[in-house]
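Presented below is the structure to which this report refers.
We use all heavy atoms of the structure for the numbers below, so side chains are in, but hydrogens, waters and symmetry mates are not. Order of listing sets the numbers, starting from 1, for every ligand and every atom in it.
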Amino acid sequence: MSTEPASPPASLPPDTHTHTRLCRHATGEPADYARAALEAGLDTIACTDHIPFPDDPQPTIRMALEDFPLYLEMVHAAAAEVPGCRVLLGLEADHRPDLVALRHLDRLLAQDDFDIVLGSVHSGPFWDLNPDDPAATPAFVEDMWRTYFRRLTDLADSRLYDAVAHIDLPKRRGLRPPPSAIRDMVLPALDAVAEAGMAVEINTSGLLHGAQEMYCSPDILRWMAERGIPVLFGSDAHRPRDIARAFPEAVAAARAAGHTHRAEFRGRKLQLMPL
Ligand code: ZN
Ligand code: FE
Ligand code: FE
Ligand code: ZN
């Protein structure tokens with residue numbers, strides 16, 4: 001029997017999707033997430049707060065552009081404050097044509113050495129349209145998904161991001177078109193993601209949403225494995241205690257879908273690690 005003090009096993013993959021109080025709809029600072037990660041048995045996290053918008057002088061639900069230097073400072077301070085947990089510098093960037101035209105992301109990324117940039121499509125009726133809403137007809141739902149996956153293909157084609165966040169986000173409230181329609185719209189998007197050499201996250205926050213399952217679905221996880229698209233793991237935690245939420249289940253789902261490796265990013269370079 002060992003007399004060593006018990007320490008949690010560092011067997012879970014890094015949590016590479018977390019937020020901070022600076023986005024004004026989350027709590028905690030990077031150091032709080034790093035401490036929670038250590039307790040959960042992780043040795044690495046990435047801070048990936050929402051990108052500040054240039055046209056948002058008085059933001060209410062996201063980071064102000066003028067807070068961006070503070071964000072960078074807080075992430076670096078966390079790495080120093082919480083020894084034992086590696087804290088990667090990341091960003092969750094909304095893929096919006098107007099921001100792409102402004103080269104907004106490039107300007108922000110030029111301010112520091114980033115490890116990982118998640119690309120997201122957040123805009124669409126799926127955000128708050130409920131299944132019992134009369135507007136949620138089968139045709140509307142299918143069109144909403146199709147529009148989303150067209151934007152996602154454009155996100156991949158832009159080559160601006162390292163990994164896709166919550167890839168099947170339109171299921172957020174539980175609205176889904178028939179499986180055959182999902183297949184028809186997801187496969188071309190996955191081909192674009194594979195072509196771009198990106199990874200796709202398993203985002204466990206879907207378990208808290210009307211979706212009632214992780215992003216991505218078991219089908220999508222399998223289609224990714226078939227295309228050699230690697231997974232990475234994100235809780236999308238908006239409070240420290242949600243770090244690594246359902247990670248054992250997420251790892252099991254990835255393995256069951258045929259994934260033998262996971263993606264890890266340092267300095268925005270992808271490395272494959274055994275899963
Ligand atoms: Zn958020
Ligand atoms: Fe997001
Ligand atoms: Fe997020
Ligand atoms: Zn997110």
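With the Fe ion (ligand 3) as vertex, Asp236 OD1 and His17 NE2 subtend 80°, rounded to 10°. To the nearest 10 degrees, the Fe ion (ligand 3) sees OE1 of Glu92 and NE2 of His19 at an angle of 100°.
Put simply, His238 gets within reach of the Zn ion (ligand 1), with an N, O or S atom under 2.8 Å from it. At a cut-off of 2.8 Å, His166 coordinates the Fe ion (ligand 2) through an N, O or S atom.
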Less than 3.5 Å apart, which donor and acceptor atoms pair up between the side chains of residues 216-224 and the rest of the protein, not counting sequence neighbours?
unit_1 : atom_1 : unit_2 : atom_2 : d
Ser217 : OG     : Ile220 : N      : 3.2
Asp219 : OD1    : Arg222 : NH1    : 3.1

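No hydrogens or angles considered: nothing links the side chains of His50 and His122 as a donor-acceptor pair under 3.5 Å.
With contacts defined as side-chain heavy-atom distances shorter than 4.5 Å, the pair Thr60/Arg24 does not qualify. With a 4.5 Å cut-off on side-chain heavy atoms, Val100 and Asp154 do not count as touching.
Residue His50 approaches the Zn ion (ligand 1) most closely through its N/O/S atom NE2. When distances from the Zn ion (ligand 1) to the N, O or S atoms of His25 are compared, NE2 comes out shortest.
One finds a salt bridge joining Glu142 and Arg146 here, because a Lys/Arg side-chain nitrogen approaches an Asp/Glu carboxylate oxygen to under 4.0 Å.
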